[in-house]
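Notes follow once the structure below has been shown.
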Amino acid sequence: MSDESQIEIPTSFMALYLAPGRQKPGLQRAELAARYELCEDMAQMLTETARNMEFSLGITEADVLARCLQGLRVEPAVVTEAESTWVVTRLAELLNWPAPGFTATP
């Protein structure tokens with residue numbers, strides 16, 4: 001059994017790739033797992049940066065998350081717009097901060 005099949009992809013991430021009325025994501029399992037791992041890694045890596053921003057810049061948690069989102073969307077973007085929103089929402093979860101109130105636009 002490959003490592004790939006061992007990865008549990010959260011429903012919240014799979015939802016990024018579900019077309020309305022569909023039950024299966026629009027990506028193959030391997031590609032979906034790779035995208036998830038990239039996004040999860042980014043959220044994990046941003047935790048220290050986010051904490052430092054909050055204290056060094058003296059800004060609110062919401063402002064930190066908004067700046068992180070903006071940074072993730074700078075071209076050339078590594079993640080899609082929907083993925084960037086997921087990353088920042090996951091970042092808030094990892095930091096035990098309130099979830100951001102923004103959503104991805106179609």
Side-chain angles (χ1 to χ4, degrees):
M1 185 178 289
S2 70
D3 290 336
E4 184 178 291
S5 64
Q6 305 265 336
I7 297 170
E8 285 200 39
I9 301 170
T11 305
S12 62
F13 191 83
M14 284 195 295
L16 301 178
Y17 292 96
L18 287 177
R22 303 287 311 241
Q23 293 182 351
K24 290 187 178 184
L27 296 178
Q28 294 292 326
R29 171 85 174 134
E31 187 175 355
L32 185 64
R35 297 303 303 172
Y36 166 68
E37 283 187 303
L38 170 69
C39 291
E40 178 66 25
D41 288 348
M42 290 183 96
Q44 295 283 343
M45 289 185 332
L46 282 170
T47 57
E48 193 62 33
T49 300
R51 285 186 186 112
N52 289 337
M53 284 174 63
E54 179 187 22
F55 294 110
S56 66
L57 300 176
I59 58 177
T60 66
E61 294 167 350
D63 288 339
V64 170
L65 295 173
R67 287 183 184 206
C68 288
L69 180 67
Q70 186 177 23
L72 288 168
R73 292 182 176 175
V74 171
E75 292 297 327
V78 174
V79 295
T80 67
E81 187 172 329
E83 287 172 342
S84 67
T85 301
W86 188 90
V87 168
V88 173
T89 301
R90 177 69 175 134
L91 174 61
E93 183 180 279
L94 291 168
L95 294 170
N96 292 313
W97 291 358
F102 39 78
T103 59
T105 56

Subject >> From Thr80 atom OG1 to Arg35 atom CZ, the distance as rounded to the nearest 0.5 Å >> reply: 6.5 Å

**OP:** Given side-chain contact (heavy atoms from CB on, under 4.5 Å), test Arg73 with Thr85 step by step and report yes or no.
**Re:** CA-CA 9 Å; Arg73 292 182 176 175; Thr85 301; 2.8 Å; yes

Subject >> Atom of Cys39, atom of Val79 and distance for their closest heavy-atom approach >> reply: SG-CG1, 4.0 Å

Subject >> Within 6.0 angstrom of Gln70 CD, more than 12 heavy atoms from elsewhere >> reply: no

Original post:
Are Val87 and Val78 connected in a single hydrophobic cluster, I mean Ile/Leu/Val/Met/Phe/Trp/Tyr linked by side-chain heavy atoms less than 4.5 Å apart?
Top reply: yes

Original post:
For Pro98 and Ala92, which heavy atoms make the closest approach, and how far apart are they?
Top reply: O-CB, 3.7 Å

**OP:** Determine whether Pro100 and Leu69 make a side-chain contact, defined as any pair of heavy atoms from C-beta on separated by less than 4.5 Å.
**Re:** no

**OP:** Answer yes if Ile9 and Leu38 sit in the same cluster of Ile, Leu, Val, Met, Phe, Trp and Tyr residues linked by side chain heavy atoms under 4.5 Å apart, and no otherwise.
**Re:** yes

Original post:
Would you say the side-chain atoms of Tyr36 and Glu8 include a donor-acceptor pair closer than 3.5 Å?
Top reply: no

Original post:
What is the distance from atom CD of Glu83 to atom CG of Leu72, rounded to the nearest 0.5 Å?
Top reply: 10.0 Å

**OP:** Report the distance from atom CG of Asp63 to atom CG of Leu57, rounding to the nearest 0.5 Å.
**Re:** 10.0 Å

Original post:
Can you tell me how far the CD atom of Glu37 sits from the CG atom of Leu32, to the nearest 0.5 Å?
Top reply: 10.5 Å

Subject >> ILVMFWY network linking Leu18 to Trp86, side-chain heavy atoms under 4.5 angstrom >> reply: no

Subject >> Salt-bridge criterion met for Glu93 and Arg90 (N-O under 4.0 Å) >> reply: yes

Original post:
Same cluster for Leu65 and Met45 if Ile/Leu/Val/Met/Phe/Trp/Tyr side chains link at under 4.5 Å?
Top reply: no

Original post:
Just how far is it from atom CD of Glu48 to atom CG of Asn52, taken to the nearest 0.5 Å?
Top reply: 5.0 Å

Original post:
In terms of hydrophobic clustering (I, L, V, M, F, W, Y; side-chain heavy atoms under 4.5 Å; direct or indirect links), are Ile59 and Val88 co-clustered?
Top reply: yes

